[in-house]
Amino acid sequence: MVYRTLGKTGLRVSQLGFGAMRLPMTGTGAEARVDRALAIPMIRRAFEGGVTYIDTAVGYCNQDSQRVVGEALKGWRDRIVLSTKNHYYGEDEKEWWRLLEQSLERLQVSAIDIYNHHGITWKAYSEQVAPRVSQWMLKAQRQGMIKHICCSFHDTNEALLNLVKSGYPSVVTLQYNLLDRQLEEGIDAA
């Protein structure tokens, strides 16, 4: 396994991470839940193979992904960098904190290593995060509830360049593959 320093965090993580957005499910519709008999051994096998980074979010897998990741982390927490996301950009600070506390409870941890603004765009950053939501993130970081302020990103290369120039996030998670290389300039800047 190849390991690298993650953004500006100083954390060493496996180059290959485990995304917990699409885990095996059982049931249908709103009642569907992650199939723990399949998912937990799969996650732990990744850890055994040297994966040291796992990412989840509040809404993944019918809002069950964080719970399963928390269960899979038992016995591994001190060796795994945990990433999750908060999708709230509104004005109700209590709602943002409720989602953070819900994540901590579901993941069964006292602190989250990588806490992301979920699906950030430049508009969301400039109109909601910079003037308001960033203050909640910084407060949670000072309280030790989160270790690093990060974001998942869904916007243009120009927006990515602006976000990198802001210096705000320690890590930006984004889509990049052989068929979608539009963010290369922003990736280079980061």
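Throughout, numbering of the chain's residues begins at 1 and tracks the sequence.
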Test side chain to side chain donor-acceptor pair (under 3.5 Å) on Gln108 and Arg67; report intermediate values, then the result.
CA-CA 8 Å; Gln108 302 176 48; Arg67 289 181 187 95; over 6 Å; no

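Side-chain atoms of Gln66 and Thr56 form no donor-acceptor pair, as typed in the model, at a separation below 3.5 Å. No side-chain donor-acceptor contact under 3.5 Å links Gln182 and Asn157. Judged purely by distance below 3.5 Å, without hydrogens or angles, the side chains of Ser83 and Asn116 pair a donor atom with an acceptor atom. Side-chain contact of Glu101 with Trp97: a donor-acceptor pair under 3.5 Å is absent, judged by distance alone.
Each ring-ring contact (aromatic ring centres under 6.0 Å, His included) pair with one or both residues in residues 9-53, not counting sequence neighbours, appears once here: Phe47-Trp76. Listed by first and then second residue, the ring-ring contact (aromatic ring centres under 6.0 Å, His included) pairs involving residues 147-178 are His117-Tyr168, Tyr125-Tyr168 (not counting sequence neighbours).
At a threshold of 4.0 Å, the pair Lys123-Asp155 does not count as salt-bridged, since none of the basic side-chain nitrogens sits closer than that to a carboxylate oxygen. Between Asp64 and Arg36 there is a salt bridge, since a side-chain N of the basic residue sits under 4.0 Å from a carboxylate O of the acidic one.
Atom SG of residue Cys151 and atom CD1 of residue Ile114 lie 11.0 Å apart, to the nearest 0.5 angstrom. Here the CD atom belonging to Gln102 is positioned 10.0 Å from the CG atom belonging to Leu107, to the nearest 0.5 angstrom. A distance of 6.5 Å separates OH of Tyr115 from OG1 of Thr84, quoted to the nearest 0.5 Å.
Judged by distance alone, the side chain of Ser14 and the main-chain N or O of Gly17 form no donor-acceptor pair under 3.5 Å. With hydrogens and angles ignored, the 3.5 Å screen pairs no side-chain donor or acceptor of Asp35 with any backbone N or O of Thr26. Judged by distance alone, with hydrogens and angles left aside, the side-chain atoms of Arg132 form a donor-acceptor pair with the main-chain N or O of Gly90 at under 3.5 Å.
Screening Val13, Thr52, Leu16, Leu11 against Tyr3 for a side-chain contact (heavy atoms from CB on, under 4.5 Å) leaves a single residue, Thr52.
Judged as a side-chain hydrogen bond (donor to acceptor under 3.5 Å, both in side chains), and not counting sequence neighbours, the contacts of Arg98 are Glu95.
If you chain together hydrophobic residues whose side chains sit under 4.5 Å apart, Tyr60 and Tyr88 never meet in one group.
More than 12 heavy atoms of other residues, nucleotides or ligands lie within 6.0 Å of CD in Gln143, so this atom counts as buried by the packing criterion.
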